[in-house]
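A short worksheet on the structure shown next.
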Amino acid sequence: MSLDHPKTPNDLSAFWMPFTANRQFKQAPRMLVASQDMHYTSHDGRQILDGTAGLWCCNAGHCRPKIVEAIQKSAAELDYAPAFQMGHPMAFELASRLVDMAPAGFDHVFFTNSGSESVDTALKIALAYHRARGEGSRTRLIGREKGYHGVGFGGISVGGLVNNRRVFGTLLNGVDHLSHTYLPEKNRWAKGQPEHGENLADELERIIALHGADTVAAVIVEPVAGSAGVILPPKGYLEKLRAITKKHGILLIFDEVITGFGRLGAPFAADYFGVMPDMMTTAKGLTSGTVPMGAVFVTGAVHDTFMTGPEHMIELFHGYTYSGSPIACAAGIATQELYREEGLFQRCADIAPYWEEALHSLKGTRHVIDIRNLGLIGAIELEPIAGEPTKRAFNAFLKAYEKGILIRTTGDIIAMSPPLIIEKEHIDQLIGTIKDVLDTLD
Ligand SMILES: Cc1ncc(COP(=O)(O)O)c(C=O)c1O
């Protein structure tokens with residue numbers, strides 16, 4: 001950062017911060033001014049251990065030289081190229097690399113700039129796909145309670161977090177929701193995938209029977225629900241969703257915005273669970289959070305359906321000015337190379353058992369009522385303060401930050417998703433600090 005950049009801005013009012021308690025923040029700002037590997041530097045010069053990979057995105061750690069240099073080089077060489085009717089080599093290179101690492105059958109990617117855009121893109125592709133096949137009556141979309149699919153109108157319509165929906169009008173028509181799989185009475189303290197809840201997938205048959213299969217275009221779920229506070233798929237559940245959607249000619253979309261790029265110790269949750277959807281939405285870890293970018297992975301069967309008609313005609317009337325922009329692609333290529341060179345997905349798989357044990361060692365700690373984990377994802381659920389939901393976890397977050405660790409809270413749940421380069425001593429520090437914080441918290 002150059003010296004003429006103020007590290008402490010003198011006016012905080014202009015910036016309306018996203019998903020933030022603006023007034024609280026501006027009274028006691030928490031500013032990050034630099035980052036390296038596993039740490040942020042705060043504006044008051046403290047090292048903050050990153051327990052969240054930024055926002056589930058900096059999977060390779062922070063300011064990794066290979067990615068930094070690729071971004072710098074690209075910015076100096078080709079700043080921007082039109083995304084429509086023109087191309088540049090890096091977009092094709094990144095797309096090829098991505099399909100090479102994806103489960104067999106995913107032969108194409110459509111670039112976006114965020115998870116929300118990836119979700120809207122996938123939903124639109126699903127609708128247009130059925131229409132292109134002469135099944136234009138398939139317009140219904142099915143999401144799931146407690147699902148988070150970003151903040152576009154498509155995403156909040158299929159999503160199932162009430163605060164993200166209730167003040168935004170009527171949303172998309174023709175959307176239905178499966179039940180969530182949060183079953184604390186049955187699955188409390190489960191390590192990894194819980195035993196109970198596979199039968200919740202059977203609801204899909206009921207919803208399809210209610211509307212008629214010929215009206216349903218797609219089902220979208222997060223393989224592991226992150227933003228709702230880490231809700232894991234019960235054993236057998238995703239397999240069942242796949243079987244039912246296939247039986248009825250309905251597309252299955254996995255929203256892999258947090259699970260993609262190694263978070264579970266495999267490239268994608270589809271690999272981890274051995275369940276192959278028809279589309280995968282991704283973002284975040286694609287560039288390790290450095291440059292905004294998303295990608296929708298599409299099977300050959302879906303893609304090829306569009307490749308008909310006169311060859312001079314656009315096949316899909318959809319895209320973004322910054323779809324596959326050069327700097328993002330440079331960051332994406334360097335990130336994917338770094339993941340491979342350092343074996344970071346395997347690293348995640350190797351350290352996940354240590355992470356699981358460390359997290360579950362918090363069982364019995366004050367306020368803790370459940371712990372959930374998979375790969376390098378962890379959640380610690382706290383007993384809410386009576387009449388003041390979310391406050392206890394938010395206070396834990398503030399105290400943890402004072403003590404030098406960055407965690408995230410959603411409701412009364414502490415959620416963590418550290419960079420995949422995390423070492424055992426970092427895990428010890430994270431868990432030890434959380435224990436200290438909870439022991440002294442009201
Ligand atoms: C599963 C899932 N889908 C979509 C999104 C939205 O991504 P973005 O914030 O990049 O739009 C997120 C973000 O956390 C997510 O977790």
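Whatever order the structure lists ligands and atoms in, that order sets their numbers, starting from 1.
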More than 12 non-hydrogen atoms from neighbouring residues, nucleotides or ligands closer than 6.0 Å to CZ on Arg30, yes or no? yes
Above 12 or not: heavy atoms from other molecules or residues under 6.0 Å from NZ of Lys73? no
Return the closest protein heavy atom for atom 4 (C) of ligand 1 as residue, atom name and distance. Gly150 N, 3.4 Å
Do any N/O atoms on Glu222 end up under 3.5 angstrom from N/O atoms on ligand 1? no
Would you indicate whether Tyr354, at its atom OH, is surrounded by more than 12 heavy atoms from other residues, nucleotides or ligands within a distance under 6.0 Å? yes
Would you say ligand 1 has an N or O under 3.5 Å from any N or O of Gly115? yes
State, with a plain yes or no, whether a side-chain heavy atom of Tyr339 is found less than 4.5 Å away from one of Met101. no
For atom 11 (O) of ligand 1, state which one of Cys57, Gly152, Ser116 supplies the nearest heavy atom. Ser116
Charged N-O contact under 4.0 Å between Lys235 and Glu195: yes
For ligand 1, which atoms sit closer than 4.0 Å to a heavy atom of Asp255? 1 (C), 2 (C), 3 (N), 4 (C)
Could you label the plane-to-plane angle of the Tyr129 and Phe306 rings as parallel, tilted or perpendicular, counting under 30° as parallel and over 60° as perpendicular? tilted
Numbering the atoms of ligand 1 from 1, which are under 4.0 Å from a heavy atom of Ser114? 10 (O), 11 (O)
For Lys284, is the nearest heavy atom under 4.0 Å from an atom of ligand 1? yes
At a 4.0 Å threshold, what atoms of ligand 1 neighbour a non-hydrogen atom of Tyr148? 1 (C), 2 (C), 3 (N), 5 (C), 12 (C), 13 (C), 14 (O), 15 (C), 16 (O)
State which residue, out of Ile434, Val437, Thr52, fulfils the side-chain contact (heavy atoms from CB on, under 4.5 Å) condition with Ile405. Ile434
Could you list the atoms of ligand 1 found under 4.0 angstrom from a heavy atom of Ile258? 16 (O)
